[in-house]
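Because the structure is a prediction, the values reported are computed rather than measured.
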Amino acid sequence: MATDDLMTRALDSLGDDEASVEVIHLLTDLADVPAPLAIAEVAELLDLSPHTLRYYERAGLVEVPRDGNGYRVYDKEAVRRLVFLTRMRLSGMPMRDLQHYVSLVDAGEETVPERLDMLIEHRDTIRRRIRELTLSLTATEYKIATYGGSTGPDVRS
């Protein structure tokens, strides 16, 4: 199941409501995903390139053990972390902040307050970007209407 499938499943469960913790559980529910996974399987599942997965590993964002032949072996925890990392990257979190966040996670429970502060700050940044994108969407809808096109939330291309 690719990330698009995971996102579709999660977004369909939202309807018109705001995202909830349950939606994130859907994204990280890997019960039907066999483990361990090879890099190509994880790349397909998350719609990432193997190069990106190797980059995340080199950047210290995820640790991936190797099998007896030296191939990467991704367990469910590594995939869950990668789901989180990809959501954070998509939301605009810089790599240096992700690296700092992961180092805090790896340092243990005593870093929870700092992690919480980071995520609250990032949430505020995301909310600001959503407002900016909403304004951009409105401007685009206005221009489409100016040219005689149909606009609105239910209009598909």
Side-chain angles (χ1 to χ4, degrees), residues 1-66 71-141 152-154:
M1 178 179 308
T3 301
D4 286 343
D5 296 334
L6 292 170
M7 283 303 296
T8 299
R9 195 171 73 183
L11 292 173
D12 285 348
S13 73
L14 278 179
D16 293 330
D17 299 332
E18 292 290 317
S20 67
V21 173
E22 289 77 26
V23 172
I24 300 305
H25 284 297
L26 283 174
L27 281 174
T28 58
D29 178 17
L30 303 171
D32 56 345
V33 175
L37 297 170
I39 192 168
E41 295 168 314
V42 174
E44 181 179 343
L45 177 71
L46 300 179
D47 198 26
L48 297 171
S49 69
H51 173 78
T52 299
L53 293 172
R54 288 188 293 270
Y55 172 72
Y56 283 176
E57 186 179 353
R58 281 193 314 275
L61 298 176
V62 65
E63 289 183 28
V64 182
R66 302 203 180 223
Y71 294 111
R72 289 171 175 84
V73 179
Y74 291 82
D75 61 13
K76 289 184 180 188
E77 284 305 311
V79 175
R80 278 189 190 91
R81 181 174 276 195
L82 287 163
V83 167
F84 174 77
L85 294 172
T86 57
R87 294 299 95 201
M88 292 300 99
R89 287 295 295 146
L90 182 64
S91 70
M93 183 178 275
M95 283 296 291
R96 69 182 176 283
D97 290 352
L98 269 178
Q99 289 169 318
H100 181 63
Y101 180 85
V102 166
S103 71
L104 291 172
V105 169
D106 292 343
E109 290 297 313
E110 65 274 3
T111 66
V112 166
E114 188 175 350
R115 287 185 261 162
L116 178 60
D117 289 344
M118 284 185 74
L119 292 174
I120 289 170
E121 184 177 326
H122 187 63
R123 179 194 61 197
D124 294 344
T125 300
I126 293 169
R127 286 179 173 164
R128 185 176 55 254
R129 286 188 61 220
I130 289 170
R131 287 192 309 273
E132 292 168 353
L133 287 171
T134 300
L135 183 57
S136 297
L137 177 60
T138 301
T140 303
E141 295 271 353
D154 297 331

Peer 1: Within this structure, what is the CE-OH distance for the pair Met88 and Tyr101, rounded to the nearest 0.5 Å?
Peer 2: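 That separation rounds to 8.0 Å.
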Peer 1: Would you mind listing every salt bridge (charged side-chain N to carboxylate O under 4.0 Å, His left out) that reaches into residues 88-103, with sequence neighbours excluded?
Peer 2: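 Every pair satisfying salt bridge (charged side-chain N to carboxylate O under 4.0 Å, His left out) with a residue in residues 88-103: there are none.
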Peer 1: Once side-chain contact (heavy atoms from CB on, under 4.5 Å) is applied, do any residues pair with Glu63, and if so which ones, sequence neighbours excluded?
Peer 2: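 Expected list: none.
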Peer 1: Among all residues two or more places apart in sequence or in another chain, which pass the side-chain contact (heavy atoms from CB on, under 4.5 Å) test with Thr111?
Peer 2: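 If we apply the side-chain contact (heavy atoms from CB on, under 4.5 Å) test to Thr111, skipping adjacent residues, the hits are Leu104, Ala107, Arg115.
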Peer 1: Within this structure, what is the OG1-CG distance for the pair Thr86 and Leu53, rounded to the nearest 0.5 Å?
Peer 2: 9.5 Å
Peer 1: Shortest non-hydrogen contact from Arg81 to Val102?
Peer 2: NH1-CG1, 3.2 Å
Peer 1: Who passes side-chain contact (heavy atoms from CB on, under 4.5 Å) against Leu116, sequence neighbours left out?
Peer 2: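 Testing Leu116 for side-chain contact (heavy atoms from CB on, under 4.5 Å), a comparison that skips the adjacent residues, returns Ile120.
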Peer 1: Asp117: which residues meet the salt bridge (Lys or Arg N to Asp or Glu O under 4.0 Å) condition with it, sequence neighbours left out?
Peer 2: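 So Asp117 forms no salt bridge (Lys or Arg N to Asp or Glu O under 4.0 Å) with any residue.
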Peer 1: With sequence neighbours excluded, what pairs up with Ser49 under the side chain to side chain donor-acceptor pair (under 3.5 Å) test?
Peer 2: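 For Ser49, the residues satisfying side chain to side chain donor-acceptor pair (under 3.5 Å) (neighbours in sequence not counted) are Thr52.
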Peer 1: If you draw a 6.0 Å radius around CD in Gln99, do more than 12 non-hydrogen atoms from other residues or ligands fall strictly inside?
Peer 2: yes
Peer 1: Do Arg80 and Glu77 meet the salt-bridge criterion of a basic N to acidic O distance under 4.0 Å?
Peer 2: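 The answer is yes: the pair qualifies as a salt bridge.
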Peer 1: Kindly compute the distance separating CZ (Arg128) from CD1 (Ile130), expressed to the nearest 0.5 Å.
Peer 2: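 Arg128 atom CZ to Ile130 atom CD1 measures 11.5 Å (nearest 0.5 Å).
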Peer 1: If you take all heavy atoms of Pro50 and Ile39, which pair is closest and at what distance?
Peer 2: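 Between these two residues, the closest heavy atoms are O-CD1, 3.7 Å.
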Peer 1: What distance do Lys76 atom NZ and Leu37 atom CG have between them, rounded to the nearest 0.5 Å?
Peer 2: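 Output value for this atom pair is 8.5 Å.
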Peer 1: About how many Å separate CZ of Arg58 and NE2 of His51, when rounded to the nearest 0.5 Å?
Peer 2: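 With rounding to 0.5 Å, NE2 (His51) is 6.0 Å from CZ (Arg58).
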Peer 1: From Leu46 CG over to Tyr74 OH, what is the distance, rounded to the nearest 0.5 angstrom?
Peer 2: 9.5 Å
